[in-house]
2 protein chains.
Amino acid sequence: MTTTGVPSTTPGFSDPDSSSPGFSGPGEPGQLGDSIRRSGLKVTAPRLAVLRALDDSPHTSAERLFALVRIELPGTSLQAVYGVLAAFTSAGLTRRIEPSGSPALYERRVGDNHHHVICSSCAAVRDVDCAVGEAPCLEPNDAAGFVVHAAEVTFWGLCPDCQAATA
Amino acid sequence: MTTTGVPSTTPGFSDPDSSSPGFSGPGEPGQLGDSIRRSGLKVTAPRLAVLRALDDSPHTSAERLFALVRIELPGTSLQAVYGVLAAFTSAGLTRRIEPSGSPALYERRVGDNHHHVICSSCAAVRDVDCAVGEAPCLEPNDAAGFVVHAAEVTFWGLCPDCQAATA
DNA sequence: TGAATTGTTTTGAGGAAATCAAGACAACTG
DNA sequence: CAGTTGTCTTGATTTCCTCAAAACAATTCA
């Protein structure tokens, strides 16, 4: 029951927490539980399930996470997933991105300034460590007097699969 | 799957014209009407009104454009505005951006690869001609095998007014 | 260990943004 | 000026997300 047979498209990133798949009750140790506790949040089954699903499938919508979570935790409500994600995101445990034309996606990779490349055809998402220099675009020539504190870069293109399908 | 929100690469950006405020009927000449006709679209009162409103207020939502249009054209429906914007955007006459936490915004400035800086506090939007080199970030080191054809950059910060209000 | 406290989840309603569909209507063509 | 084609109006619908109240569970403290 470690893996749920989820259509995973997991790229390189993963937490060095591979085991402890089941929820063994309150006081649950394990690295997932610890990271939740460390953020000042209570450890619950829905939260562990969402975090585990996000490890398997980064860049995933609330609705899809809901479907994944329900496989192992059928009683979970969609609103619970939204609640978990809101709590995680405001605690800095997850990051939320909102690509054009897509519902919000969530990822566990936080705290580094990475960006995303999205397939215009199939909406696949991959992480991109931004290229030029160290923080490209973070210093626009003329920001109209704004004090800039973040830059968000989204690349649009064709993923390898869709390139092959087109050719 | 649509490609909604992907930055348009359509050339043909026409300079804003401030004159010809009224709609004088079919066959309406004027620069606004011309640019609509040149895009292969019929010239109608709602379309002229939307285009004019976008000249006055760039980076504006459909709902707000609806309010603006209704001032001079009270019979116009919200769906008409959505229709006009969809037609304009797919014809390359306008560009649609979707900042996180905001409804879609539309602008007439198309065909150049410019970006945006948005105030985290008041949501004000300004154009930014991206800085480093000519097309920064357009060549990520490792795009996971994607063929990248567009890069979208959003800067987040504090606008001059909100800086003053904070100080 | 067991009750108190606090935070989380469930349940149900609701709202904002955008889309779809059918018929009425207006702009361009010849 | 009539025909053709595309646009607009009207109304319903979908998707994504939030709010609120009450049931409930995780942690804390006696």
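Predicted, not measured: the structure shown is a model, and the values here were computed from it. In the text below, chain A, chain B and the rest are named by the order of the sequence lines, each starting its count at 1.
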Only one of B:Arg109, B:Arg64, B:Glu107, B:Arg126 passes side chain to side chain donor-acceptor pair (under 3.5 Å) with B:His59; say which it is. B:Glu107
Length of the CZ-P vector between B:Arg64 and C:dA17, whole Å: 13 Å
Interatomic distance where CZ belongs to B:Arg47 and P belongs to D:dG6 [whole Å]: 11 Å
Looking at the side chain of A:Tyr82, which of C:dA17, C:dT8, D:dT18 is the nearest nucleotide? D:dT18
Interatomic distance, B:Phe88 CZ vs D:dT7 P [rounded to whole Å]: 10 Å
Rounded to whole Å, please give me the gap between CD in B:Glu63 and C1' in C:dA18. 10 Å
Measuring only between side-chain heavy atoms, which start at C-beta, is B:Cys122 closer than 4.5 Å to B:Asp161? no
Would you mind telling me which of C:dC28, D:dT18, D:dT5 lies closest to the side-chain atoms of A:Arg96? D:dT18
With A:Arg47 as partner, the option from A:Leu41, A:Leu85, A:Leu32 fulfilling side-chain contact (heavy atoms from CB on, under 4.5 Å) is A:Leu41
Check the distance between C:dC28's P and B:Lys42's NZ and give it to me in whole angstrom. 7 Å
Could you check whether A:Ala104 gets within reach of a base, just the sugar-phosphate, or nothing at all, counting any heavy atom under 4.0 Å? sugar-phosphate
Integer-rounded Å distance: D:dG6 C1' and B:Ile36 CD1: 14 Å
Can you tell me if the side-chain N/O atoms of A:Arg37 get under 4.0 Å from OP1 or OP2 in D:dT27? yes
Over all strands shown, is B:Ser61 touching base, sugar-phosphate only, or nothing at heavy-atom distances under 4.0 angstrom? nothing
Does the side chain of A:Leu93 come within less than 4.5 Å of A:Val110's, by heavy atoms? no
Side chain of B:Pro103 (C-beta onward), nearest among D:dT9, C:dA26, C:dA17: C:dA17
Out of D:dC8, C:dT19, C:dA17, which nucleotide sits closest to the side chain of B:Gln79? C:dT19
Spacing between A:Leu41 atom CG and C:dT6 atom C1', to the nearest angstrom: 13 Å
Under 4.5 Å between any side-chain heavy atoms of A:Leu105 and A:Pro99, yes or no? yes
What is the distance, to the nearest angstrom, from the CG atom on B:Leu48 to the C1' atom on C:dA27? 12 Å
